[in-house]
Amino acid sequence: MDKLKITGNGPLNGKIRVSGAKNAALPILCASLLTADTLRLTNVPQLKDVHTIQKLLQGMGARVMTDNVHEFELTCANIDKLEAPYELVKTMRASILVLGPMVARFGEARVSLPGGCAIGERPVEQHIKGLEAMGAEITIEHGYIHARAKRLKGARIVTDMVTVTGTENLLMAAVLAEGTTILENAAQEPEVTDLAECLIKMGAKISGVGTSTLTIEGVEKLHGTEHAVIADRIEAGTFLCAVAMTGGDVTLTHARPDTLDAVLDKLREAGAELTTGSDWIRIVMNNRPKAVTIRTAPYPAFPTDMQAQFMAMNTVAEGTGLVTETIFENRFMHVPELRRMGATINVEGNTSIVTGVTGLSGATVMATDLRASASLVIAGLIASGETIVDRIYHLDRGYEHIEDKLGGVGAKIERTR
């Protein structure tokens, strides 16, 4: 099993190209099921989760071509299997995103219930509730959701909570439904907006994009299009945290600073000098960071997917910062690993109290989930001695060639077995 070996090597300097967003690419790949025409996508990151969706779609009968760099061409004219099997869904919960498109276009879907998730419960009840409101008949048997509908009907749907995948699934279902669907309490994340913009290019009629209320006028069919996936704001934020910890001068290219307001505000509070353009972010850090207090919440507030990275930064910051997690109930599993590296962290309920130390020391640590992995990697960049991050298959689900990107700006990092 692959590991990353990291040796602290001082400040980072240079340029890093930000990849396309995994959390936008996955639902857009699933949106290919909504048309018999070809969907051409660019800026798609080559990640394990993307390959899982590719395998899932191909198993249904989709024709998927890729240059194995950043481009995909998907044609779903000959879908002959309306099922997402447990073997694939258990490896990636986002596989549930085929449910809405399949019911909308084919009138039926059989999708495995997702298995457990390391960072907490992510129930699919909101997906089911919304589809039932649109007229789908749904049964759950033998671990599978079986949904049927001759044609979905427009409905007013108010979700009990803000759910990103729930919003995406119901949005994709609604674009082919008969009549008008209103989604209230919709997720406002940039990745949801990117999906909506792709669907509009395919012929969908959606208003309220980027707000908590989406109005969808159903159409008879969608057509193919070309679409470039939005830049990954979490990858960008991770690299910014790395520079805030190590010091240096790094420019992120192909970025979207307009999706990172909450993160950039906190980095400025930590003492980083930031300048931005429409598609770039430059960070200059000449001093030890100042501790910051963060509280995760749905977009546009501070993202849960950046919580672990900011905790890592706080471990070496001046002062004490509070990190409060409100989205997932079990997302502090990086805490004991950071403690192994010398961090001072006390956990009280859903809040971690982090008191900065002057330095971390290298250790062998174990990644428990995607963003926890990232926090351990950037902690290793500033630790004395050698840090080994084990179980980096988690990291490969969401970061494209992270060792090459960090290595390109001066980090001493290599993949080993």
Side-chain angles (χ1 to χ4, degrees), residues 22-23 26-34 48-64 74 76-153 155 157 159-161 163-177 181 183 187 195 328-330 368-370 393-394 397:
K22 178 196 80 160
N23 289 339
L26 299 181
I28 292 172
L29 288 165
C30 294
S32 65
L33 289 164
L34 290 166
K48 282 188 176 180
D49 282 5
V50 169
H51 296 152
T52 298
I53 286 290
Q54 176 185 349
K55 187 175 180 181
L56 176 58
L57 292 171
Q58 288 173 322
M60 294 176 179
R63 178 176 173 267
V64 183
L74 305 100
C76 293
N78 298 305
I79 299 298
D80 56 8
K81 187 177 182 182
L82 302 176
E83 180 175 312
Y86 174 70
E87 289 71 25
L88 289 176
V89 177
K90 72 178 180 180
T91 67
M92 187 186 65
R93 297 183 59 88
S95 303
I96 193 72
L97 288 167
V98 300
L99 178 62
M102 281 199 292
V103 178
R105 181 170 164 220
F106 302 106
E108 186 174 0
R110 189 170 183 266
V111 179
S112 171
L113 284 166
C117 177
I119 60 175
E121 288 295 321
R122 299 202 229 184
V124 297
E125 283 87 350
Q126 301 306 307
H127 306 235
I128 294 171
K129 172 186 171 183
L131 289 172
E132 286 179 331
M134 298 168 73
E137 295 181 4
I138 296 179
T139 57
I140 299 176
E141 52 191 8
H142 308 299
Y144 280 78
I145 304 168
H146 195 176
R148 299 183 184 87
K150 285 189 176 180
R151 186 181 182 189
L152 295 173
K153 308 288 185 183
I157 302 168
T159 56
D160 297 334
M161 65 191 74
T163 161
V164 173
T165 55
T167 298
E168 292 165 342
N169 233 341
L170 298 176
L171 175 60
M172 288 189 282
V175 295
L176 293 181
T181 299
L183 295 180
L195 169 63
F328 296 116
E329 68 274 14
N330 194 25
T368 51
D369 63 71
L370 171 55
Y393 61 84
H394 292 291
R397 293 183 54 223

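Please read all numbers here as calculations on a predicted model, not as lab measurements.
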Minimum-distance pair of heavy atoms, taken over all atoms of Tyr86 and Leu113: CD1-O, 4.3 Å
Could you tell me whether the side chain of Lys48 reaches within less than 4.5 Å of the side chain of Met92, counting heavy atoms only? no
Return yes when atom CG of Asp80 has more than 12 non-hydrogen atoms of other residues, nucleotides or ligands closer than 6.0 Å, and no otherwise. yes
Report yes if the side chains of Thr91 and Lys55 come closer than 4.5 Å at any heavy-atom pair, otherwise no. no
Is Arg151 reaching over with its side chain to a backbone N or O of Leu176, donor-acceptor style, under 3.5 angstrom? yes
side-chain hydrogen bond (donor to acceptor under 3.5 Å, both in side chains) with Gln126: which of Thr165, Thr167, Thr159, Asp160? Asp160
Please say which of Leu97, Ile53, Leu195 ends up in a side chain to side chain contact (heavy atoms under 4.5 Å, CB included) with Ile28. Leu195
For the residue pair Ala155 and Ala133, what are the closest heavy atoms and their distance? CB-O, 3.4 Å
Contact check, side chains of Leu131 and Asn169, non-hydrogen atoms, under 4.5 Å: no
Taking Leu33's backbone N and O only, do any of them form a donor-acceptor pair with Arg105's side chain (distance below 3.5 Å, no angle check)? yes
Atom CG in Leu34, atom CZ in Phe106: separation rounded to 0.5 Å? 8.5 Å
Hey, mind stepping through His146 and Glu137 against side-chain hydrogen bond (donor to acceptor under 3.5 Å, both in side chains) and telling me if it holds? CA-CA 8 Å; His146 195 176; Glu137 295 181 4; over 6 Å; no
Of all the heavy-atom pairs spanning Met172 and Pro101, show the shortest one and how long it is. SD-CG, 3.7 Å
Between Val164 and Ala187, which heavy-atom pair has the shortest distance, and what is it? CA-CB, 3.8 Å
For Ile96 and Ser112, the nearest pair of non-hydrogen atoms, with its separation, is CD1-O, 4.4 Å
Nearest heavy-atom pair of Met102 and Val111: which atoms, and what distance? CE-CG2, 3.7 Å
